[in-house]
Amino acid sequence: MDFKANEKKWQKKWDEEEKFKAIDFSDKQKYYILVEFPYPSGTGLHVGHTPSQIAMDIIARKRRAEGYNVLYPIGWDAFGLPTENYAIKNGISPIKATATNVENFTRQIKSLGISFDWSREINTTAEDYYKWTQWIFLQFYKKGLAYKATANINWCPNCKIGLSNEESEGGVCERCGSATVQKPKTQWMLKMSEYSEKLLQGLDETNYWENIKTMQRNWIGKSSGTLLHCKLESGEGFDVFTTCIETVFGITYFVLAPEHELVEKLKDKIKNYDEVKAYIEKTASKSEFERSQMLKEKTGCVLEGIYAINPINGKKVPVFIGDYVLAGYGSGAVMAVPTHDQRDYDFAKLFSLPMIEVVSGGDVSTQAFEKADYLGKGCRLINSGEFNGLTVEEAKDALNSYLEKNGLGEKINTYKMRDWVFSRQRYWGEPVPIVHCEKCGHVPVPDDQLPVTLPKVESYKPTDDGESPLSLITDWVNTTCPHCGGKAKRETDVMPNWAGSSWYWLRYMDPHNDKEFASFDKIKYWDKVDLYNGGGEHVTRHLLYARFWHKFLYDNGFVSNSEPFDRRVQQGIILATDGSKMSKSRGNVVDPMKYVMEYGADVTRIAHMFMGDYCETKPWREDVFKPCERLLNRIVALGEKVDKNISTQNKFILAQSIKKVSEDIEGLKFNTAVSQIMVLTNALEKMEKISEEDFKVLLSLACPFAPHTAEELWQEKGFEGRVDDKWPTFNEKDLVENLVEIAVQVNSKIVTKIMIDPTQSQEEILDIVKADDIVKNAISNKEIVKEIYVPKRIVNIIIK
RNA sequence: GCCGGUGUGGCGGAAUGGCAGACGCACGGGACUUAAAAUCCCGAGGUGGCAACACCGUGUGGGUUCGACUCCCACCACCGGCACCA
């Protein structure tokens, strides 16, 4: 068969008959499969995209054959830096570049025979899409969850440009290689922290892989502890957060983050303010890179003349600032107990500060005796006044109630997860739909004026002060206030790349709706994404952002379910053939289209799946293409052996294959599913003639992997209907072979192998085994202590 | 440092606690061919042996069990994520 010609033929036919169109409100049970939509880069489809698209296509095709109404959509996550940079460099508009790339991607994906419902194609850069991205942003704004605040951006002092985290990995500018610094800038933020607990709890409602849940839990980083209300000698109050309130008697000093508001307030009382100021400035100018270099090396500065009172015992202790205390976590201040916290210990050594041991059972002469060392070991408090003698666990409770009763503290939870910096100083993104009016302040653009479209300028340049390129397009920036009609300026920041992907699965449900982002009825019908496939790198980014938006929409009555995705799975990363990372700069990127051209889509699809475990990281291999091509050719050749007049002689292997292939597809074990198709093919090849049933089962099982060839052979043989009309089933009783070889062990060593009828009773089988000459010989004159029979597998006779 | 994951022939990889190495690749031998490619058949974990066979084998060391790649404990190596989170 000419695979390639055949593939074109079927792809055209599928297109014409809209075979893969998902039907809203169909009576069939719905099944929603989602792959992360690609970023249409200029380099075309690569092997980072193809395995997941093929794998999910296999599941989609199986589900359709099983009678489901499958939604398997595709679209483009097209805002982003590469396109913007490409556009700047070549002086063409990103819109044009995107259109070209999308066209290219579409052609490539279609050539693989992926059964996407193209009628639902979306593009995050289309005005009728980002209109709704902006609309959702405004819902956040109206609920007080979008606000402006000063946050740091990665700034390259050499290029004079703000960089994304990806562009400044390791604290180095991707463009020029110089060290980046943190530059404060007023930016839009989304109050994601408010959803910490909901995002954490919601994981229990999902069927994500356990490791994905764990990663998100760690990222959210909940910890329970005590907020201790403290006072300075001079009366000013401040809070510290601690998870070890049992050590409160061991406080010998406090440390504030350099950015702590109290420092500025105390300016006049701090005797060494010059020194303090210098330290603060030094901290601020430290780049991410420097900070990571300095890791664990403590620095700090005492606030001379400032003392704080330990609320538990009224003791007066000094106050420091130190950059090991993070402004953004807890209350930005810590109580320091050097005996029971290694960081405090290091700091105390540096400044020769006193130490008080308050939990017994450790040795604090050379290092701290930390909570990981003492928790759950029955250690008791010392040097802690009336709390002496309590175990750590008892002391926690006792101290918390004492503090609460006396208004000195309360139990709280804190989270590592921060609010989301939602501004980018870029061109190619969704404009933030806010207008700045001198009189009215921030004014949201009214719904009927959405979308705020990007100005279609011929060229634009990055600014040299860190502002968005949009700020230079004055025609666009100057506008009128929707509220008072006076002069106003548009917000020039755009949204981050993650915005468009934070709700796209909802748009697929109703992609052409111009009244709402998607109708509630359709959202209710399609419900959760049943199976969501994506990359591991998105677990703490996109996947978390998406859940956040979805939960917000749920809380405001726009969607029907509080979690967007039911099952989340990950494909393994494909490495270069030598096991190194694939990258453009190394020039080792594999182009899957090369294989489609050489072998055709079906062989390429099977080869992708046969390469190894779908979920494991693995190098790309070429040596799987030949055997997969051979497999297809052998299946084609088997067609010649089909004899209408015979019935199957292969009940067992057919049943076994249906079971194995079905289960393996469900379990994402595509490699072993292919193996089983090979096993079945091998078995059928050994036959002189095969029945129609034999061949039909083979084609049906092969269809998700090699749909074009399966369709064609089905038609060629004149079988009824289409190959994927139904998924084959089997009878349990066919799974039982009438003769099985079992191993016979004496004292757990194999002595022989015997053919038995597995339907016989254990007694009968043991009798047959013991009648065997070799076995007889092995157990002669010995006492049989125990006999073990594992059905269809093994007999073990224990003798003494 | 913390949290995940992985470790099996020359290679990719299979194995509900039950015959380790399915299915393939590469390899060797053979058939077809003037020859090659393609295709087909046979062989094959390692060591020793002409052989039957024996011994050794799933990162390392222990343990549980009639029986362990699989379960438990300790450790090593590699990969991924987080990382001064109070």
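Below, read A as the first sequence line, B as the second, and so on, with proteins coming before strands; counting in each chain starts at 1. As the structure is a prediction and not an experimental result, all values here were calculated from the model.
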TODO: Go along nucleotides 16-23 of chain B 5' to 3' and tag each nucleotide: B for a protein heavy atom under 4.0 Å from its base, S when only backbone or sugar atoms are that close, - otherwise.
DONE: --BB--BB
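- In B:rG81 the base sits anti relative to the sugar, since the glycosidic angle is further than 90° from 0.
- What separates CD of A:Q570 from P of B:rC79 is a distance of 18 Å, to the nearest Å.
- Side-chain contact of A:H229 with A:E410: a donor-acceptor pair under 3.5 Å is present, judged by distance alone.
- Residue-level contact check: A:T414 touches neither bases nor backbone, having no heavy atom under 4.0 Å from any strand.
- Under a 4.0 Å N-O distance rule, the pair A:E764/A:K770 does not qualify as a salt bridge.
- Taking the C1' atoms as reference points, B:rA38 lies 29 Å from B:rA14, given to the whole Å.
- In this structure, A:V325 reaches the bases: a heavy-atom distance under 4.0 Å links it to at least one base atom across the strands shown.
- Remark: P of B:rA15 and NZ of A:K669 are 7 Å apart, rounded to the nearest angstrom.
- Separating the CZ atom of A:R634 from the P atom of B:rA38 is a distance of 15 Å, rounded to the nearest angstrom.
- Side-chain atoms of A:T243 and A:K371 form a donor-acceptor pair, as typed in the model, at a separation below 3.5 Å.
- Contact annotation: A:K749 reaches the phosphate of B:rC55 (side-chain N/O to OP1 or OP2, under 4.0 Å).
- Remark: the A:Y279 side chain and the A:T299 side chain contain an N/O donor-acceptor pair separated by less than 3.5 Å.
- A donor-acceptor contact under 3.5 Å is formed by the side chain of A:K298 with the base of B:rC84.
- Nucleotides B:rA15 and B:rU70 have their C1' atoms positioned 9 Å apart, rounded to a whole Å.
- Taking the centre of each ring, A:F3 and A:Y599 stay at or above the 6.0 Å mark.
- Of the C1' atoms belonging to B:rA31 and B:rC79, the separation is 47 Å, rounded to the nearest Å.
- Mapped onto RNA chain B by nearest heavy atom, A:E629 and A:N747 fall at different nucleotides, with A:E629 at the one closer to the 5' end.
- Taking atom C1' on both nucleotides, B:rA20 is separated from B:rU34 by 47 Å, rounded to a whole Å.
- Rounded to whole Å, the distance from CD on A:E537 to C1' on B:rC82 is 16 Å.
- Look at the P atom in both B:rG17 and B:rA86: the space between them is 38 Å, to the nearest Å.
- Going from atom NZ of A:K213 over to atom P of B:rG5 covers 14 Å, rounded to whole Å.
- Checked for salt-bridge contact, A:D204 and A:R217 meet the test: a charged N lies under 4.0 Å from a carboxylate O.
- Here A:T617 lies out of heavy-atom contact (under 4.0 Å) with every strand.
- Nearest-nucleotide positions on RNA chain B for A:G221 and A:P627 put A:P627 closer to the 5' end.
- One interatomic measurement links the two molecules: CH2 of A:W219 to P of B:rC82, which rounds to 6 Å at whole-angstrom precision.
- Residue-level contact check: A:M611 touches the backbone only, with heavy atoms under 4.0 Å from sugar-phosphate atoms and none from bases.
- Remark: A:K669 does not engage A:E663 in a salt bridge, criterion side-chain N to carboxylate O under 4.0 Å.
- The aromatic rings of A:W620 and A:H608 sit perpendicular, their planes meeting at an angle over 60°, well past the 30° parallel limit.
- Rounded to an integer number of Å, the gap from A:K618 NZ to B:rC78 C1' is 18 Å.
- Look at CD on A:E616: it is 14 Å from C1' on B:rA14, rounded to the nearest Å.
- Annotation: B:rC69 and B:rC19 have their P atoms spaced 10 Å apart (nearest Å).
- In the model, A:Y324 has a side-chain atom that pairs as donor or acceptor with a side-chain atom of A:D344 under 3.5 Å.
- Using a 4.0 Å heavy-atom criterion, one finds that A:D613 contacts the sugar-phosphate atoms exclusively.
- Here the side chain of A:M215 is nearest to one of B:rC66, B:rG13, B:rG81, namely B:rG81.
- Using a 4.0 Å cut-off between a side-chain N of Lys or Arg and a carboxylate O of Asp or Glu, A:R541 and A:E537 do not qualify as a salt bridge.
- With P as the reference atom, B:rG9 and B:rG46 are 12 Å apart, rounded to whole Å.
- Checked by atom type and distance alone, the side chain of A:D734 never pairs as donor or acceptor with a backbone atom of A:A655 at under 3.5 Å.
- The phosphate of B:rU39 has OP1 or OP2 within less than 4.0 Å of a side-chain N or O from A:R630.
- The separation of B:rU6 from B:rU58, taken at their C1' atoms, amounts to 13 Å, rounded to a whole angstrom.
- Ring centers of A:Y329 and A:Y415: at least 6.0 Å apart, outside the cut-off.
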Open item on the list: Let me check I have this right: for RNA chain B, each base becomes ., (, ), [, ] or |, based on Watson-Crick or G-U pairs with both distances under 3.5 Å. What is the full string?
Closed with: (((((((..(((.....[....))).(((((.......))))).((((....))))..(((((..]....))))))))))))....
